[in-house]
Each structure stands twice: as C-alpha cells, then as structure tokens.
Amino acid sequence: MSTIDDVDVLAGRLDLNLLRVFMAVMQERSITLAGSRLGLTQSATSAAVNRLRQQLNDQLFVRTRQGMEPTSLAIALATPVGNALGLIRDALEESRGFDARTTAREFRLLMTDVGELMFLPRLTAWVHEHAPGVRLSCRQVPRDQYGAELETGGADLALGMLPLGERDFVQQRLKDETLVCLACAGNPVARKRLTMDAFLSLPHVVIRAPAMGDRFVVKALGERAGRRKIVAEVQHYLSVPMILRDSPFLAVVSTSVAAELAGPNRLAALPLPFKLEPLAIRQFWHKRWNNDPGHRWLRSGIVSLFGRAARR
DNA sequence: ACCACGATTGACACTCGCCT
DNA sequence: AGGCGAGTGTCAATCGTGGT
C-alpha cells in the first residue's frame, strides 16, 4: 500500500512527458523514431529515457538486434501507463470538447492491404472533409500482434476480418462480405453464369494475404479444392488486376475489393458457383477508448461509411 | 578492417521558478 | 530586477554493434 510520502515523491519527481517518451519508445522500439514522433532529437529522447531509468531504477529498454527491447518492468508498465495517458487525454479532451474541425489528432489504424483497399479511399476523403487536421496513420502487423498493439497504445483501432476474442476488447460488426470471382471482361466466362466446371478448369491466381478468404474457398470446395489449377500465388493485391487483364485467369476476392478493382481494370465480378458463409467485417478497439470523444467520432464515422446501413 | 547506423555522452544554451 | 540552480533542449563527438 502506498503512503503519503510515496505519493509526494512521485508527484515531485515524475514528469508526464517522460511517460510519453516511454510509450513512444515502447511502440517504436527505437529512440530515434520515438524522438522524431515526439518532435525531439535522438539525444533529447535518449536523455529522457535515462532520466526515467534513474527514477524507476530499471534499464527499461535494452539495445538488441531487433531494436530497443523492453525489460520485464517496461512490459509490465506499458499497459497501465498507456491506460493512464489515455485517461488524461480523455479528461483533457472532455474538458475542451472534441472538435473535428479543429483537432490535430492522429489516429493509428491497423488493417491489411485488403483493408486499405476497402476502407482508405472513402475514409481518407471523409476525414479530410470533416476533420482537415486529422492524420490517419495505417500499419500492417502480423495477425497475432493486433491485441498487443491495441493494448499497449501502438494503435487506436483495427479494421477487418480479425476477431479478437480476448477480454478488454470491444468489437463492432460493420457489414458482411461475400466472395466473388474476378475475370477479364473479355474472358468468355464473363458473359455467362460461372459454372463449377469452368471455375475448376480455368487457371487461378491465389492471393495469400493474411486476411484473404482463400481458406474459405478451400473449405467450401472440400476435396474438389485439389482440382483447382493455380497458375500464380501472390502476397498482395497490387499485381492482381494486371495479371488478370487480357488473360484466362480467375481470382477470388471480396465484393468490396472487386468493386474497387473491376471497373478501372476492365474486369468482371462473377458470383461463385458454390455457397459461402458471409464474412463479418468488424472494427476493434481496446475498451479504454469506449468513451473517448475523438475515438467515438471516428468509430461512428466508420459505421456511417461502411456499416450495414451505409450506401455507396 | 572498414563502414553504416543508432544510442550515448559531454558541452553549451535557453527557460523557468525561486530567492533576495 | 537580477542572480542562481534545475531541467531540458541542440549539436557534435564518441561508442557499440552488426554486416560485408
């Protein structure tokens, strides 16, 4: 149990700016990057980390090949410090009121390249129109790191087909997606209903992106999946329209991705010749953001743009 | 051994609060 | 108002580490 003296000591010595530096280094794993994010030089950031090291009597970050790795104390502090800074920001924002027209806030989003394709064109335009000072900062991290990123404050919100079953997270279903088959508009198969025979006999371009729905196709096809002829496997979507253009190849993508890619690339989106369960697209966040006015503003904007009631 | 990159350290400047 | 010290910033030099 802490005493009055403990509180006095903390109140007298602990500087919130040092905690901001701590969280920035925790998220960037680099003194230099953390400094540039905070508008400080490398040496000022290093000095700030050193002051915190002395105050907490712990190395906090150790230099390794992977960057500045946190010590066990730093890892233990990350979540409560992140929560505390979030509460302070909430309190300040609450007292001032969140004003989308004047805020200069940065929202850090996690999504896959499919997500960027699906969300960013409309979301960026909407943010620019309603909150010209807001910056969206999007990152891709491995699927299993989403929870840690949201928990430590490395990201504010995640979007996509990535359910986080863990405690302390909130998820909101935006809409259901289905998968369709993209083919060159000149492909004879694009002029009639796609049959299972045509689907299995034509060569496929398979996208092996982290959140791609090919695993659902394999599951739905069952033992027939092995009959698919795969001509190419790619990691992301950038090259897919160029590969399909003027080719006999097929690629399975979500309806939203098909809507973005088909028109400009003279491609046709064809219903699949088999049934698939709908795929839920959600937004996820840590529960500490529930009442944050800025966060609520962004979430409701995303719902209005991409929720079930939204119309293009 | 050399090089590149990034963290640390030292010297110095500036600001701010406290005291006289 | 002016002196003083603490805190924190920049700049430049140095150090440590990994890659070639």
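Everything quoted here is computed from the prediction, not taken from an experiment. By convention in this document, chain letters (A, B, ...) are assigned in the order of the sequence lines, proteins followed by strands, and residues within each chain are numbered from 1.
With B/dA7, C/dA12, C/dG9 as the choices, the nucleotide that has an atom nearest any side-chain atom of A/Met68 turns out to be B/dA7.
The distance between atom CG of A/Leu18 and atom P of C/dG7, rounded to the nearest whole Å, is 11 Å. Whole-Å rounding puts the A/Arg20 CZ to C/dG9 P distance at 10 Å. Distance CD (A/Glu69) to P (C/dT17): 16 Å, rounded to an integer number of Å. We find that CZ of A/Phe61 is positioned 22 Å from P of C/dG16, with the value rounded to whole Å. Distance A/Ile31 CD1 to C/dT17 C1': 16 Å, rounded to the nearest Å.
Between B/dG6 and A/Gln42, no contact under 4.0 Å exists linking OP1 or OP2 to a side-chain N or O. Contact check, A/Ser46 against B/dT8: a side-chain N or O comes under 4.0 Å of OP1 or OP2. At C/dT8, one or more side-chain N or O atoms of A/Arg51 fall inside 4.0 Å of OP1 or OP2 (strictly under the cut-off). Taking only side-chain nitrogens and oxygens, A/Asn50 never comes nearer than 4.0 Å to OP1 or OP2 of B/dT8.
Take A/Arg139 and apply the side-chain hydrogen bond (donor to acceptor under 3.5 Å, both in side chains) test, not counting sequence neighbours, and it matches A/Glu149.
Residue A/Thr41 places no side-chain atom within donor-acceptor reach of the base of C/dC11, judged by atom type and a 3.5 Å distance cut-off alone.
Ring planes of A/His295 and A/Trp289: parallel class, angle under 30° (limits at 30 and 60°).
Under a 4.0 Å N-O distance rule, the pair A/Arg299/A/Asp156 does not qualify as a salt bridge.
Using a 4.0 Å heavy-atom criterion, one finds that A/Thr45 contacts no nucleic acid atom at all. At the heavy-atom level, A/Arg53 lies under 4.0 Å from the strands shown only through sugar-phosphate atoms. Counting any heavy atom pair closer than 4.0 Å across all strands shown, A/Ser43 reaches a base atom.
In this structure, A/Phe169 has its ring center under 6.0 Å from that of A/His286.
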Verdict with reasoning, A/Phe119 to A/Phe306, per ring pair (Phe, Tyr, Trp, His ring centres under 6.0 Å): CA-CA 8 Å; A/Phe119 295 111; A/Phe306 305 104; 4.9 Å; yes

